Amino acid sequence: MTSKPADPIKEAEKRALSNKDLFKTFARWYSVVEVSNSYERLQALSFCFALSGSLRKLYKGDDEGYREALKRHIQFYNSEGTFGSMIHGVTLSMEEEKAKGNEITEEVVTGFKTGLMGPIAGIGDTLIWGTLKPIILALACSLALNGVFVGGLIPFLFPLAIVLIGFGMLKSGYLLGKESVMKLMQTGLINNIITSASILGLFMMGALSSTYIKISTPIQFSVMDSDPIVLQDILDQILAGILPLCAVFSIYFYFKYKGQNYNKLIIMLIVISLVTGFFGILSSS
Amino acid sequence: MTSKPADPIKEAEKRALSNKDLFKTFARWYSVVEVSNSYERLQALSFCFALSGSLRKLYKGDDEGYREALKRHIQFYNSEGTFGSMIHGVTLSMEEEKAKGNEITEEVVTGFKTGLMGPIAGIGDTLIWGTLKPIILALACSLALNGVFVGGLIPFLFPLAIVLIGFGMLKSGYLLGKESVMKLMQTGLINNIITSASILGLFMMGALSSTYIKISTPIQFSVMDSDPIVLQDILDQILAGILPLCAVFSIYFYFKYKGQNYNKLIIMLIVISLVTGFFGILSSS
Amino acid sequence: MTSKPADPIKEAEKRALSNKDLFKTFARWYSVVEVSNSYERLQALSFCFALSGSLRKLYKGDDEGYREALKRHIQFYNSEGTFGSMIHGVTLSMEEEKAKGNEITEEVVTGFKTGLMGPIAGIGDTLIWGTLKPIILALACSLALNGVFVGGLIPFLFPLAIVLIGFGMLKSGYLLGKESVMKLMQTGLINNIITSASILGLFMMGALSSTYIKISTPIQFSVMDSDPIVLQDILDQILAGILPLCAVFSIYFYFKYKGQNYNKLIIMLIVISLVTGFFGILSSS
Amino acid sequence: MNLLVSILCGFLYFLGTSRIGYGLSTATGSPLFYGLILGLVYGKLTEGLIIGATIQLIYIGIINTGGNMPADQSLAGIIAIPIALQTDLSTELAVGLAVPFGVLGVFLDQIRRISNSYWISQAEKHAENLNQRGIFNCAITYPTILLFFITFIPVFIITLVGADTVTFIMDAMPQGIIDGFSVAGGILPALGFAIILLIIGKRELMPYFFIGFFAVAYLGINTMAAAVFGTCVAAIVLFNSINQKKELS
Amino acid sequence: MNLLVSILCGFLYFLGTSRIGYGLSTATGSPLFYGLILGLVYGKLTEGLIIGATIQLIYIGIINTGGNMPADQSLAGIIAIPIALQTDLSTELAVGLAVPFGVLGVFLDQIRRISNSYWISQAEKHAENLNQRGIFNCAITYPTILLFFITFIPVFIITLVGADTVTFIMDAMPQGIIDGFSVAGGILPALGFAIILLIIGKRELMPYFFIGFFAVAYLGINTMAAAVFGTCVAAIVLFNSINQKKELS
Amino acid sequence: MNLLVSILCGFLYFLGTSRIGYGLSTATGSPLFYGLILGLVYGKLTEGLIIGATIQLIYIGIINTGGNMPADQSLAGIIAIPIALQTDLSTELAVGLAVPFGVLGVFLDQIRRISNSYWISQAEKHAENLNQRGIFNCAITYPTILLFFITFIPVFIITLVGADTVTFIMDAMPQGIIDGFSVAGGILPALGFAIILLIIGKRELMPYFFIGFFAVAYLGINTMAAAVFGTCVAAIVLFNSINQKKELS
Ligand SMILES: OC[C@H]1O[C@H](O)[C@@H](O)[C@@H](O)[C@@H]1O
Ligand SMILES: OC[C@H]1O[C@H](O)[C@@H](O)[C@@H](O)[C@@H]1O
Ligand SMILES: OC[C@H]1O[C@H](O)[C@@H](O)[C@@H](O)[C@@H]1O
């Protein structure tokens, strides 16, 4: 396990950017990703700022090339910050080629960036934000609800994971270069990984839905002077968790067919909650 | 999901039989399937009766053709009623061709019917009667045993499901026609579906066996003045549910190797129960 | 299921060794396998002794051939005794050919033995000693811990299983002969079986680790005059069984990277246990 | 027993075996449904449901392959339930009462199917004459009328006089026999499950049976949970096999 | 409320929304973290953690795809938690208080992202002049300073005067409304999960969702157990698909 | 200790290490079996079983790959169990007593295997002379006679004089040490499992280990349940891979 990655790292020593340069690039990126996020160009400025130092080194003495590079990378960019770091790495490797004078047109560089930022955003949002984040927060919540104070600190595992994964991505992007990354994206492997991560994600969403959506009905009624019949008991016998399940799928289908107007829905949900809570139709359990 | 099935339905408007005709055919079929079931020809009469109305429409003004068709379909027929409805649909589509004067020999129509009725009976008996029915009844029983009166009504979900699935089958059989249905039967898809359904079925039979076969042994004995040793406790530690499991597999192998004489076995079982119950070897738990 | 194996058995009647001969060979083998195990040649003597009777029969009247055969099979041999019995069977079938005067060189016979003994040892150690044995013992232990005396006898199921499987192996080795066995070893089937058995084995090792590694921490502490916080409770909320899991993987990685010095490790573990037990860092739970 | 109740029972049995509506008799003729109705009639809803469900379980796995009815759950239920409710029989004894009638009912069904052969020969003539109405009558009217007599009368009579006989017999029943019937009630559901195993139990899928069995035995999940998990696993297997096929082609 | 606490709150909200460190705000801006800090401040650690976690759960599944924040968990938490701890509000009412601010916070974020457009146009000029420092300031210094005002001031004010207002209102709150908020607290987490389903819920993988759901509902496993089992299953699927690919080629 | 008991112990150890019958010594030499026999002898069946099982667990996962015995469960058991029963030692202390002997037994086994080299050289000569009887003796008679002396004598002596010594030592043993031995009893089984992991633990199959582990930890299933579910899953995987192969070819 330790011997194989050693080679590309060794090879890296012949490359223009050192491990330290790459780390600095990542550190800049990591610090600012979302700070300057604007409706107009989203993460463009952060991308440019993150690369600025390394670009300076690559285009040492070539102010014009540097200027072009800076302008090239202040254009629209948006992807998931962690996995997206791989794009930074590849971009730097392409700029390195370009700086050396090899034939890489601006179109290729920009095309690569804009071509990959979408798919990688999808992957990252699934893995990092859609799977890892809720898992960590859920664990943290369950500890906190039991009064364990560590629960309040567990969320910091999330940025920690991002740093570790993100820097790894940037580095391997730089070391592998464009061809290898494109090839990697095209083999089924990436699809297999996404499928597996989605399995984990969906499994967790199921588990979290079941754990944390807490609604039940307090309705009771009597038939023929019998003991009061508790509707929730009957529902539980039919299908445990039926109400939370209905809740999540009602919202799901609402979003799917009526569009994702989040704020409208949150207000609707609060109104529904107030009404059903007030009249004793639903309660939190 | 909604756009694709729309096409064949639209196309149906150019066809001789309307949706209403098809529904009437299904309604007739559904009502009488088993009423006239005889040892001689099983569902032959029901098949003929179900189609009689639509055939009249197809052979409008062609009494001879109509007569031939009726006689053709009062011949031996037996399949599972729900999935079998697909055969009715395809048969109608073939009769439509035939009525229009296209070359479809009587042999083709009958061959299709008799060729498919066996396999489809197998599929339907597995899915509808061997899987769906016991699942619904098991749910109903478990509610009823807890005194929930809805349990007594749950069985009605079963005919409801039959109506929904059955009409769908008849309709798609008519719209798809013989070629498509044959092709469908030949792709592995149908096998995959059967395998999956069998998985569900077997899983459920396991669960139901474990839940509803209730035997245990009340035998106790003492070794060296120890506390009485409860044989059932030891069995439970070795393998939970070992007696019910033995029961179901004893019967299984009896049927497999000694033939399926159901009544003989039921009497044997009662005798065994009475003897083992009387002498305190087994008890119901 | 009964009809297929019948053929080769029938065919066996034309063969030089009867079922009884084979059983005698197996009985000898089974009795002595490990008795004469030496560092020098391990199971060589047992192999030779086991075959001696049958070889005598094959080389009836051919003392020289018999002598050669005996010497051939007192050479280094070591495999897992149960699955390895298949090698005995194949060897006998090759010796039979040889005795009949067919061209089989000594190299072929020895080559086959030494070629297969390694892989089959791996298979047997995995299936018989690594999976079957701990499962049987674990069941026995859990009964015994509950005071059920049968628990003390359950281990005898293990040699019983070995006899049944081993004799089957020897017989099929003899009946199938070298070609078939080699072919069998080369199809993926054997790999599939090993994979499946490993799955079972790993699953069981997980379950047994979780059941029978019993350590916990009795450490408690207080924050801000709160009720004492029990560290084990927090660990349990984070990940149930975290300490046993650490234990098994610490040892695993120690063995993996520091070599398998068993006695050194056992002493280290006892020291660690005494220290952590003494200072109330760990306890058995 | 009360005349009206006996009439109701006769009618319920007729309804439950009329087979009008494919699969409908599975509901209208189920001991469970009988237990509900008769429980309401006797004002003993809970008892009715429990006895009905217990008898139902005996027949839960039974399939009428090829139209052959291996046992008649409806006759078993419609005799045992009202008598049990009337005479306050224990559930075990109700089972003991039910089972023999479950066997007897098969003969009634055989009479029905034999007689049906006559109607189909009639129907052929109507077909010749393009007489749709005639076919209709042969397919449903005549068989149903005949069925009414085969089913209503015996049940009416048995339930009318049965309760007294049963009380008499049951009073004399030794506990050992009662225990025996209780064992029978516990063991008989195995019959239906074994039959289904014969039909769908391919060797290579048998592990799923055992998983289901022991999921209940060791994890204590209930029937609905098993249905949910089973469906999920089956769906995964199905989607997998479809996907694989796609990749291969 | 105490001036110092209000300053702390303003500062915490600024920190939690500053976004310095990708994903760091998920921790520093989480109601959970706020609950811990404010619980310590008020000497009510357990209460703080529980209220924090309860509010956190509402936003547990939320993703800012494309940078669009559907709800502001930080504002929700930083307003509701201190007021609740100060006035001994029940957890349900704290939720009721939190949710509207969760909505309002979105507008603050929109102001931020609109104003950021200005800095990028500035940064382009600096790029032209190869002014790295300038780019740096546009990327982080200016947006952060501006953010300080947008975030600190409103939270400071609201927490300073909010407690009294809230006590006043809450005293008059009928039980029915309180129940309603409690329902809201129970139902709102569904929002986030539904959104994630939209993103990753391929039809053929949906069975895994249901297995996870019912594993909790029927087997009673907790979140961590689900994570462990889910990871194992996902790993098996991954290794399988890789193996299969190898065998095919 | 009673002379007869010591003779029995010596004989039991000889039997349990004689290795006559492949795998038979796994039963006849198991602490579990010793616990049963000695429990009967001392009239303390339950205690015997529990101590036997506890010692057994330490060695449950151990494999003698290539004939190398990493630890001697038989010596561990045959020394610790009778002494513990005789002196009413706690299970923890019995473990503490057992473990060192488990280590020492390895040396006895090494003597055996070294001496066996002599018999095989003898056997070669018999082979030359076609002397089957001679081979037989070398294969079984002589090694067994020798083994008798190596095994019977030490155990006989130790058990004869051991109890008093042990009582003396144990009385002086501080609780801290006892706790330490109890930890050792809890941790040592990990050794065997780790070894098996080394042998069969392919990386891509490791998830099954974790599923098994956490199925016990979170679902509370017992060993037998694990065996059943594990077998089912393994069977499904096996049938699947066979099927797939069929489809490909
Ligand atoms: O077995 C096929 C088929 O046979 C009969 O016609 C009926 O019992 C059906 O319910 C059954 O499905
Ligand atoms: O959706 C892609 C991407 O969009 C924005 O830039 C941010 O919200 C990221 O966190 C997100 O991953
Ligand atoms: O490892 C292969 C093999 O080696 C030795 O001969 C014995 O310990 C066997 O039990 C073992 O199976």
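All values derive from a computational prediction rather than experimental measurement. The figures here come from the full heavy-atom set of this structure, side chains too, leaving out hydrogens, waters and symmetry mates. Just so we're on the same page: letters track the sequence lines, and every chain starts at 1.
Ring pair F/F33/C/F156 is perpendicular by interplanar angle, where above 60° counts as perpendicular and below 30° as parallel.
Looking at F/Y22, its side chain does come within 3.5 Å of a backbone N or O of C/G81 through a donor-acceptor pair. With hydrogens and angles disregarded, a donor-acceptor distance shorter than 3.5 Å links the side chain of C/K133 to the backbone of F/I62. Without hydrogens or angle criteria, C/Y66 side chain to F/L130 main chain gives no donor-acceptor distance under 3.5 Å. At least one donor-acceptor pair closer than 3.5 Å links the side chain of C/S210 to the backbone N or O of F/F213. F/D179 contributes no side-chain N or O that, together with a main-chain N or O of C/S273, makes up a donor-acceptor pair within less than 3.5 Å.
Atom CD of F/Q132 sits about 4.0 Å away from atom OG of C/S52, to the nearest 0.5 Å. To the nearest 0.5 Å, atom CD1 of residue F/I199 and atom CG of residue C/L202 are 11.0 Å apart. With values rounded to the nearest 0.5 angstrom, F/I187 atom CD1 is found 11.0 Å from C/I270 atom CD1. Distance check, rounded to the nearest 0.5 Å: CD of C/E34 to CG of F/L24 gives 13.0 Å. Separating the OG1 atom in C/T195 from the CG atom in F/L238 is a distance of 9.0 Å, to the nearest 0.5 Å.
With C/C141 as the partner, the side chain to side chain contact (heavy atoms under 4.5 Å, CB included) test is satisfied by one option alone out of F/I55, F/L32, F/T223, F/I50: F/L32.
Between C/V33 and F/R19 there is no side-chain heavy-atom pair separated by less than 4.5 Å. Residues F/R113 and C/L42 are in side-chain contact: their nearest non-hydrogen atoms beyond the backbone lie under 4.5 Å apart. Between F/F193 and C/S209 the shortest side-chain heavy-atom distance falls below 4.5 Å. Within the 4.5 Å cutoff, the side chain of C/F255 has heavy atoms near those of the F/L191 side chain. For the pair F/T54/C/Y212, no side-chain contact is recorded, criterion being any heavy-atom separation below 4.5 Å from C-beta on.
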Please report the C-alpha distance between C/F149 and F/T46 in whole Å, then the side-chain angles of each, then the deciding distance to 0.1 Å, and finally whether the side chain to side chain contact (heavy atoms under 4.5 Å, CB included) criterion is met. CA-CA 8 Å; C/F149 80 95; F/T46 309; over 6 Å; no

Take C/L145 and F/L57 through the side chain to side chain contact (heavy atoms under 4.5 Å, CB included) test and state the conclusion after the steps. CA-CA 11 Å; C/L145 288 172; F/L57 284 172; 4.2 Å; yes

Would F/F209 and C/Y252 count as a ring-ring contact (aromatic ring centres under 6.0 Å, His included) if you check the C-alpha gap in whole Å, the side-chain angles of each, and the deciding distance to 0.1 Å? CA-CA 13 Å; F/F209 175 89; C/Y252 173 80; 8.7 Å; no

Derivation and outcome, side chain to side chain contact (heavy atoms under 4.5 Å, CB included), residues F/I196 and C/W129: CA-CA 9 Å; F/I196 297 186; C/W129 295 92; over 6 Å; no

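No other option in C/N78, C/N146, C/T126 has as many heavy-atom pairs under 4.5 Å with chain F as C/T126. When each of C/M205, C/E40, C/Q43 is checked for heavy-atom pairs under 4.5 Å with chain F, C/M205 comes out on top. Counting heavy-atom pairs closer than 4.5 Å to chain C, the top residue among F/E92, F/E128, F/M224 is F/E128.
Atom CZ of C/F76 is surrounded by more than 12 heavy atoms from other residues, nucleotides or ligands within 6.0 Å. Environment of NZ in C/K24: sparse, with no more than 12 heavy atoms of neighbouring residues, nucleotides or ligands closer than 6.0 Å.
Under the salt bridge (Lys or Arg N to Asp or Glu O under 4.0 Å) criterion, C/R72 pairs with C/E95, C/E106, sequence neighbours left out. The side-chain hydrogen bond (donor to acceptor under 3.5 Å, both in side chains) check on C/Y77 picks up nothing, with sequence neighbours excluded.
In this structure, chain F has no heavy atom under 4.5 Å from any part of C/Y254.
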